[in-house]
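Just the heavy atoms: all of them, side chains too, but no hydrogens, waters or symmetry mates, feed the values below. In this chain, residues are counted from 1 in sequence order. Here the structure is a predicted model, which means the values were calculated and not measured. Atoms within a ligand are numbered from 1 in the order they appear, just like the ligands themselves.
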Amino acid sequence: MIYLDYAATTPADPRVVEKMLAYLGHDSCYANPASRSHMLGWQAEAAVESARKQIATGLHCDVRELVWTSGATEANNLAIKGLAEYFADQNDPRKHIVSSATEHKAVLDACTYLETKGYEVTFVRPDDQGVVTPEILEEVVRPDTLLVSVMHVNNETGVINPIKELAEFIKSKGIFFHADCAQSAGKLPLDLSEIPADLVSLCAHKIYGPKGIGVLFVRRSADFQLVSQIHGGGHERGMRSGTLPTHQIAGFGEAFRLSLDEMDGEQSRIESLKKRFVDALQGVDMIVNGEGAMSVAGIVNLSFPGVDGQMLLTALPNLAISSGSACNSASMAPSHVLKAMGLSDELALSSLRFSFGRFTTDADVDNAAAVLKDALLKMQS
Ligand SMILES: Cc1ncc(COP(=O)(O)O)c(C=O)c1O
């Protein structure tokens, strides 16, 4: 198999695995980091706090602004629902939320859940390249808009939204701003001392860390307290209860540190893999979705007019690729992201996402392009 599905998840880097093992087995530092009565608990807590520091350093924020979650899905839910519930409890009249039609389901579904609780949600369409601009948001924000949630990098197309400009514009209107940065953290610089977002979601498994761990940045100076979505022992300053998974947290910290340390060289190498792949497909009838926008190095989304994407997937059993985001891969419906960009159902259904990463080689790309080209030439003729 050639793995070109890094946007769905990445393998853990061996250096991350090594770090995690120090907190798992019998001879390791496996104690509960909330155990205050013995040294083993203090050691585990120190590991958790050291990882928190690694992430805070990379994001240029305070360690007290980070809340561990089980991933970006939970971080998005905590951000959106936790903020809305806080202001509902204060009898705040603002009941309008703005998001983008190209968001991950974890944002879309948290917003549509709030619609059942009396909120009105406006899902804006991006421009035809998939970009959400301040001008697009300006048309829909209102005096009763409480929150705007827009992702940094789209998981299906790799298109980058101008997150700093969006956050600055939204903050200038006195509205709270949340960004899902699951696909950008560790791949693009993310300096939260410069980007005035109130809430930012991240996860480890897109950057060679373990699955099942994420973090929500909650700006301390912001004028709210999130309402917890998981009740229990009051961990994470009451925002998210549950025993902290030391090994996953230590792995996340290490994965994030490595991604930042190696970002420049790694991202330019991956960018050249993407170019090599697209160049190798010369002669094929295809459209690069979002080609006119800035995009992250590792993702390219291609439509092949007249070709059924599912049939193409079946014709490529040795390629690990997907027709959209992994959470939707059981669905035969056309991608909501591509449709929001203006693609027809037929064109959206002819599209596949290829994503490259740390362990992708030139040979992987050449071989994948060759088998894809071969399958396409057969299908298109
Ligand atoms: C943009 C985006 N948001 C959220 C998620 C969900 O993250 P997690 O799998 O950590 O819950 C993903 C990927 O799965 C994603 O790509």
Side-chain angles (χ1 to χ4, degrees), residues 3-12 16 55 66-82 99-113 123 126 130-132 149-161 163 166 178-188 190 197 199-217 229-230 240 242 245 248-249 251-253 255-256 259 290 295-301 320-331 335-338 340-341 353-357:
Y3 188 79
L4 298 182
D5 208 12
Y6 280 81
T9 196
T10 56
V16 169
I55 294 182
L66 298 177
V67 178
W68 300 116
T69 64
S70 62
T73 298
E74 189 193 328
N76 289 338
N77 274 265
L78 176 57
I80 295 167
K81 298 193 299 200
S99 190
S100 140
T102 52
E103 294 296 307
H104 188 274
K105 289 280 178 187
V107 166
L108 295 177
D109 289 358
C111 289
T112 46
Y113 167 80
F123 293 107
V131 182
V132 179
S149 176
V150 178
M151 69 200 328
H152 192 183
V153 167
N154 186 272
N155 47 301
E156 292 192 28
T157 59
V159 166
I160 303 172
N161 283 320
I163 207 75
L166 295 178
H178 166 246
D180 177 347
C181 293
Q183 293 285 352
S184 63
K187 296 168 196 156
L188 296 176
L190 200 53
L199 297 154
V200 173
S201 307
L202 266 61
C203 65
H205 73 100
K206 312 287 186 189
I207 49 165
Y208 314 95
K211 294 165 192 54
I213 186 72
V215 83
L216 178 66
F217 161 82
Q229 303 296 301
I230 298 184
R240 201 277 189 177
Q248 283 165 290
I249 290 172
F252 188 5
F256 195 54
S259 292
S295 64
V296 276
I299 303 178
V300 66
N301 190 304
I321 49 177
S322 61
S323 56
S325 72
C327 64
N328 286 341
S329 55
S331 136
S335 148
H336 68 279
V337 173
L338 299 179
M341 289 166 66
R353 175 185 71 185
F354 302 85
S355 47
F356 315 93

| request: Apply ring pair (Phe, Tyr, Trp, His ring centres under 6.0 Å) to Phe217 and list each qualifying residue two or more places apart in sequence or on a separate chain. | output: none
| said: List the residues meeting side chain to side chain contact (heavy atoms under 4.5 Å, CB included) with Ala72, not counting sequence neighbours, and say none if there are none. | reply: Ala182, Cys203
| query | Do Arg353 and Asp5 have side-chain heavy atoms sitting under 4.5 Å apart? | reply | yes
| task | For Ala340, enumerate each residue passing the side chain to side chain contact (heavy atoms under 4.5 Å, CB included) test, keeping only those at least two apart in sequence or located in another chain. | result | Ala101, Thr102, Pro126
| request: Would you name the heavy atoms of Val16 and Gly251 that are closest together and state the gap between them? | output: CG1-O, 3.5 Å
| task | Select all protein residues for which some heavy-atom-to-ligand 1 distance is less than 4.0 Å, and list them by chain and number. | result | Gly71, Ala72, Thr73, Asn76, His104, Met151, Asn155, Asp180, Ala182, Gln183, Cys203, His205, Lys206
| field | Point-to-point distance, once rounded to the nearest 0.5 Å, from NE2 of His336 to CZ of Phe123 | value | 9.5 Å
